[in-house]
Number of protein chains: 2
Amino acid sequence: MKNYSNFVEKLRSAGLRPTKQRLKICEVLFDRKETFHFNVEDLKKILKKKLETSISVATVYNTINAFKSKGYIKEISLNTDKTYFDTNVTSHHHFYNVTTGELIDFHDKDVEEIKLKKNLPGKKIKSIEVLVKIANK
Amino acid sequence: MKNYSNFVEKLRSAGLRPTKQRLKICEVLFDRKETFHFNVEDLKKILKKKLETSISVATVYNTINAFKSKGYIKEISLNTDKTYFDTNVTSHHHFYNVTTGELIDFHDKDVEEIKLKKNLPGKKIKSIEVLVKIANK
DNA sequence: TCAATATATTAGAATGATTCTAAACTATTT
DNA sequence: AAATAGTTTAGAATCATTCTAATATATTGA
Ligand SMILES: [Mn+2]
Ligand SMILES: [Mn+2]
Ligand SMILES: [Zn+2]
Ligand SMILES: [Zn+2]
């Protein structure tokens with residue numbers, strides 16, 4: 001048996017009861033070693049296979065929006081038509097392969113520290129993230 | 001009289017004839033000292049005032065899409081519902097104020113050079129851009 | 001246990017940004 | 001001018017996302 005107690009706790013803390021559909025969403029999102037980058041269409045396809053029945057789009061959006069509010073997933077800014085989400089909620093950097101559409105994490109250790117020279121009186125910095133666009137040679 | 005010959009040239013090189021509506025779009029986008037960040041809704045409002053008549057949404061989208069293809073404007077990735085464009089087409093960095101929604105350029109000189117430590121065999125780097133999210137204190 | 005109550009799921013409708021269409025309009029060419 | 005090519009426009013189509021309200025399921029407490 002998987003991390004069900006983790007998933008139950010995640011859902012409860014997001015104000016959601018642990019139902020079959022929501023637990024399956026947790027499994028797809030969080031039962032992984034690696035960061036998961038996804039859009040809603042992809043997620044729905046995976047869920048359909050795993051559940052062997054389709055899941056309502058409303059349930060998927062409700063659940064991921066609750067997780068986003070709670071900070072369990074975050075939205076990634078890309079110039080694409082669909083919204084992408086990321087299970088890695090730390091402030092981190094991405095490679096986006098414009099040839100393949102692939103989105104890959106990289107981390108602070110893969111780049112020299114980013115030091116701003118600009119003063120920002122009256123502001124606080126919430127995040128500093130780098131997007132590196134790459135293409136296949 | 002403004003930079004009309006510049007605008008005419010821009011339009012012609014994008015395969016578009018210089019019409020009244022398109023020249024007005026050019027004026028709003030390019031007749032400025034500073035970088036202009038905009039979404040289509042804002043642009044339409046400005047155009048409506050300047051033209052003293054409304055302009056078709058189709059014409060606005062056609063024109064900005066042509067300019068985007070030609071590299072005269074570029075799309076900016078933000079977690080917003082509407083698409084933002086930028087008249088600064090160089091690879092550059094942004095501050096996004098999450099309190100006010102304001103988007104501001106900053107430049108290479110405002111940040112220490114970004115050096116990737118990661119190897120990318122078989123790939124070429126197209127751009128490296130930083131998004132700094134700030135909030136009012 | 002069983003009914004009452006609260007919450008969840010669902011299909012489909014509504015919304016809204018963007019794209020498409022096709023008819024009316026304008027500019028260019030011969 | 002007539003013919004042709006390109007443009008603008010209003011509104012329709014599309015599609016991701018959100019909303020709705022009916023049905024289903026889970027929880028509560030007598
Ligand atoms: Mn886009
Ligand atoms: Mn969004
Ligand atoms: Zn990531
Ligand atoms: Zn900019």
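To find a chain, count down the sequence lines: A is the first, B the second, and so on, and within it residues start at 1. When reading the values below, keep in mind they use all heavy atoms of this one structure, side chains included, and skip hydrogens, waters and symmetry mates.
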Considering heavy-atom distances to DNA chain D, does P18(B) or Y84(A) have its closest nucleotide positioned more toward the 5' end? P18(B)

Nucleotide dT26(C), atom P - distance to NZ of K20(B) in whole Å: 9 Å

Checking dG12(C), dG11(D), dT10(C) against the side chain of V57(A) (C-beta onward), the nearest is dG12(C)

Judged by nearest nucleotide, the residue sitting upstream toward the 5' end of DNA chain C, G15(A) or A58(B), is G15(A)

In whole angstrom, give the distance that lies between atom CG of L16(A) and atom P of dT25(D). 19 Å

Measure the distance from CG on N39(B) to P on dG16(C) and round it to the nearest whole Å. 15 Å

Pair Y4(A)-E27(A), side-chain donor/acceptor within less than 3.5 Å: yes

From CG of L23(B) across to C1' of dT8(D) the rounded distance in Å is 14 Å

With a cut-off of less than 4.0 Å, is there a side-chain N or O of R17(A) near OP1 or OP2 of dT27(D)? no

T83(A) side chain near dA16(D) phosphate (N/O to OP1/OP2, under 4.0 Å): no

Here the distance between atom C1' of dT18(C) and atom CD of E75(B), to the nearest Å, is 11 Å

Respond yes when some side-chain nitrogen or oxygen of T19(A) is under 4.0 Å from OP1 or OP2 of dA8(C), and no when none is. no

K118(B) atom NZ, neighbour heavy-atom count above 12 within 6.0 Å: yes

So, is Y61(A) close to the dT18(D) phosphate, meaning a side-chain N or O under 4.0 Å from OP1 or OP2? no

Rounding to an integer number of Å, can you tell me how far L11(A) CG sits from dT7(C) P? 16 Å

Answer with base, sugar-phosphate or nothing: what part of the nucleic acid does N65(A) contact at a heavy-atom distance below 4.0 Å? sugar-phosphate

Can you label the angle between the F106(B) ring and the H93(B) ring as parallel, tilted or perpendicular, going by 30° and 60°? tilted

Membership question, hydrophobic clusters at under 4.5 Å side-chain separation (ILVMFWY): are I76(A) and V111(A) in the same one? no

Which word best sums up how the rings of H94(B) and H37(B) line up, parallel for under 30°, tilted for 30 to 60°, or perpendicular for over 60°? perpendicular

Distance, rounded to the nearest Å, where N62(A) contributes CG and dA16(D) contributes C1': 15 Å

What's the closest nucleotide to the side chain of V40(A) if the choices are dT21(C), dT17(D), dT7(D)? dT17(D)

Does dT9(D) have its OP1 or OP2 closer than 4.0 Å to a side-chain nitrogen or oxygen of Q21(B)? yes

Integer-rounded Å distance: dA17(C) C1' and L43(B) CG: 15 Å

